[in-house]
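In what follows, chains are A, B, ... by sequence order, proteins preceding strands, each numbered from 1.
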Number of protein chains: 2
Amino acid sequence: MTMNAAGGRRRPPTIHDVAREAGVSRGTVSRVLNGGHYVSPAAQEAVNAAIRRTGYVVNRHARSLITGRSDSIGFLLTEPQEKLFEDPNFNVLLRCCTQALAAHDIPLLLMLAGTQDERRRIMRYITAGHVDGVLLVSSHSADPVAEQLHEAGVPLVQCGKPMGRGTKVSYVAADDRDGARDMMRHLLSLGRRRIGMVNGPVDTPGGVDRLAGYKEVLTEAGLEIDERLIVSGDWGRASGEAGAERLLAQAPDLDAVFVASDLMAQGVLAALQRAGRRVPQDVAVGGFDDSPAALASSPELTTIRQPWDRISAEMVRVLLAQIGGEDPAAVILPTELVKREST
Amino acid sequence: MTMNAAGGRRRPPTIHDVAREAGVSRGTVSRVLNGGHYVSPAAQEAVNAAIRRTGYVVNRHARSLITGRSDSIGFLLTEPQEKLFEDPNFNVLLRCCTQALAAHDIPLLLMLAGTQDERRRIMRYITAGHVDGVLLVSSHSADPVAEQLHEAGVPLVQCGKPMGRGTKVSYVAADDRDGARDMMRHLLSLGRRRIGMVNGPVDTPGGVDRLAGYKEVLTEAGLEIDERLIVSGDWGRASGEAGAERLLAQAPDLDAVFVASDLMAQGVLAALQRAGRRVPQDVAVGGFDDSPAALASSPELTTIRQPWDRISAEMVRVLLAQIGGEDPAAVILPTELVKREST
DNA sequence: TTCTCTACTGTGAACGCTCACAGAAGCATG
DNA sequence: CATGCTTCTGTGAGCGTTCACAGTAGAGAA
């Protein structure tokens with residue numbers, strides 16, 4: 001009735017067809033497919049030729065059935081999706097991870113766990129072994145999902161440092177604290193002394209570490225820390241605007257602002273402009289992320305680049321190693337100061 | 001040696017375990033799993049209870065091996081990824097499609113075909129039957145990939161109207177032309193008569209149709225079409241800024257601008273502001289998309305909403321229908337005018 | 001020659017599921 | 001009582017792989 005539904009897709013060749021074509025056995029073809037150990041060069045060649053001739057592609061389902069591996073991995077995103085999907089960082093990460101996995105011929109399954117229902121469904125899916133491992137992005141500091149997966153024995157790598165102490169979950173993160181230090185030293189080197197900070201939420205690792213870097217450099221320069229110079233936003237543009245207004249009210253004499261995300265920095269620029277402060281002449285502004293927003297704003301933002309390509313590559317590397325039996329690992333990658341017009 | 005790699009993941013229960021637990025045969029369990037036809041209520045209940053007790057989850061690989069279906073679908077993105085990933089429309093679409101599929105318990109595989117190599121790899125993967133169908137996003141009007149997949153008999157739905165005439169590929173798109181008409185009528189109703197347009201590329205269906213709507217309404221209102229009032233960008237913010245500058249030079253007397261994307265509209269707002277024109281008093285600005293950018297700009301943009309949630313839901317519906325054996329279909333969805341501060 | 005070792009190859013048995021088929025039970029009809 | 005029909009259930013086969021094992025051939029050593 002429905003048939004194959006797809007007009008004329010014919011039955012694809014199996015390992016059996018290849019074996020016949022090459023004049024060898026299934027076993028030999030399988031060995032060639034899996035690294036070619038213990039196969040004579042002649043057989044090797046014959047099999048490869050037969051594969052080319054038949055257009056054979058391995059049936060992953062059959063393979064998975066017996067190996068127990070799925071040869072695919074999940075990219076799991078928990079919580080506020082609307083927000084995260086607007087976050088350019090997230091998009092870059094997703095893209096880079098997909099590409100890094102593609103290099104290993106591993107498909108990426110996108111899993112969004114917004115509601116509790118979705119969450120349950122996805123946890124069942126994962127723990128049933130339908131993916132070999134999970135790349136986890138969780139905004140949310142104290143997300144229990146990481147622990148749950150870890151306890152279920154699912155190989156897992158988290159993006160960003162987890163807040164919880166003592167967990168043995170792998171993670172890969174940029175060196176937020178050092179990035180903050182770089183930016184602060186840069187601002188100091190420009191002669192600025194009244195440096196404000198628009199931080200992210202302080203219940204996130206990013207918020208904690210960037211603030212720590214800020215304070216550390218001030219202290220090391222012999223400047224005192226003025227709490228009126230510090231406010232927090234939610235990483236979004238609007239909160240940056242609001243933060244800058246508060247800052248201007250509390251400390252009108254500021255001559256620089258270190259903003260913990262480029263998106264918030266855009267808001268800060270808008271607020272400063274409205275207040276009649278010139279950037280960078282009156283107030284220097286430094287961002288964080290080096291997202292497209294940094295180039296889109298005027299003046300273009302000096303910012304700290306998060307090495308998303310390296311972060312994703314490392315996440316994939318660590319995850320595959322873990323699937324291969326190695327222990328969880330933590331990787332911190334260096335950031336880079338990108339100087340542009342705003343400082 | 002490596003074992004299961006994952007500490008203590010134990011062998012998951014199979015259909016056999018469930019059958020034993022429920023005191024029925026494998027066949028009966030399978031029938032319950034697949035719709036429950038020809039199963040007595042008693043058996044039905046016993047099986048469901050056993051599934052709950054054992055925590056059974058179907059092994060999709062085993063199922064796929066015999067059904068020939070993979071029960072997963074691919075989300076394929078061809079070309080300029082950097083650009084597309086910055087495009088909020090694309091992100092919303094990806095999110096909505098993932099959710100729409102999740103409702104059917106179908107995982108989404110993200111496939112990025114940037115380079116020729118990736119393209120070949122992905123085509124092989126798809127045509128080998130590793131996905132049941134493909135949701136295609138192609139910026140690029142004359143992309144051969146749609147035709148290739150269609151010819152290979154792969155169920156396929158494209159997002160946005162394809163340019164090529166005569167192809168029988170399914171697609172789902174917003175009614176660009178009607179959206180443009182709505183915006184133009186709105187601008188006319190405000191008394192504006194010198195209305196400029198910053199269009200997208202005219203070799204894309206969106207560019208063609210939005211321009212057609214623009215011209216149609218002007219003609220219908222008895223106004224003549226002034227080519228100096230029409231420029232094209234590339235959907236991006238920067239090109240909107242440039243476009244507005246050209247427009248101001250060519251037709252300084254304009255009193256409104258219809259911009260074919262919100263991102264470009266942001267640029268237009270910036271250019272107008274720099275030129276000392278007040279929005280909306282001197283010049284009214286209308287965007288297109290209703291992306292987050294529309295709310296982030298000041299003044300907030302009046303724009304045409306693309307119903308991304310409905311578009312993705314329809315794409316999924318049409319694709320699943322096609323996989324089920326139905327014929328390709330084309331769906332055009334209505335847009336909606338969202339009035340905000342910029343008009 | 002005979003034995004051992006290495007390099008290679010083929011074979012049957014799984015993996016967990018679905019599907020076709022054969023049957024059993026219940027009930028109405030001839 | 002046989003016959004048909006419907007509704008339900010169990011059974012074997014097989015999907016395309018990999019894996020363990022058994023086996024072969026050839027080289028070198030005794």
Would you tell me if any nitrogen or oxygen in the side chain of B:T14 comes within less than 4.0 Å of OP1 or OP2 on C:dC15? no

Round to the nearest Å and state the distance from A:H37 atom NE2 to C:dT6 atom P. 18 Å

What's the CD-P distance between B:E45 and D:dC8, to the nearest Å? 16 Å

Specify the separation, in whole Å, of atom CD1 of B:I66 and atom C1' of C:dA20. 10 Å

Length of the CG-P vector between B:N34 and C:dA20, whole Å: 12 Å

Presence of salt bridge, A:R317 and A:E314, under 4.0 angstrom: yes

Protein-nucleotide distance (B:L65, atom CG; C:dT18, atom C1'), rounded to Å: 10 Å

Could you check whether the rings of B:H130 and B:Y125 sit parallel, tilted or perpendicular, using 30° and 60° as the cut-offs? tilted

Tell me whether the side-chain N or O atoms of A:R31 pair up with the base of C:dG10 as donor and acceptor below 3.5 Å, since no angle test is needed here. yes

Whole-Å gap separating C1' (D:dG16) and CZ (A:R60): 14 Å

Minimum-distance nucleotide to A:S40 side chain [options: C:dC17, C:dT9, D:dT17]: C:dT9

Examine C:dC15: is either OP1 or OP2 under 4.0 Å from a nitrogen or oxygen in the side chain of A:T67? Give yes or no. no

Can you name the residues that form a side chain to side chain contact (heavy atoms under 4.5 Å, CB included) with A:R119, not counting sequence neighbours? A:T78, A:E79, A:A113, A:Q116, A:D143, A:P144, A:V145

Distance in angstrom units between A:I15 CD1 and D:dT17 C1', rounded: 6 Å

Does B:R124 pair with A:D105 as a salt bridge, N-O distance under 4.0 Å? no

Under 3.5 Å, sequence neighbours excluded: what are the donor-acceptor pairs made by side chains of residues 30-44 of chain A?
| from | atom 1 | to | atom 2 | distance (Å) |
| --- | --- | --- | --- | --- |
| A:N34 | ND2 | A:S30 | O | 2.7 |
| A:S40 | OG | A:A43 | N | 3.2 |

Would you tell me if any nitrogen or oxygen in the side chain of B:S30 comes within less than 4.0 Å of OP1 or OP2 on C:dT18? yes

Select one nucleotide: of D:dT17, C:dT18, D:dT11, the one nearest the side-chain heavy atoms of B:R26. C:dT18

Distance check needed: C:dG10 C1' versus A:Y38 OH, whole Å only. 17 Å

Nucleotide nearest B:R63 when distance is taken to its side chain, options D:dT11, D:dT18, C:dC17: C:dC17

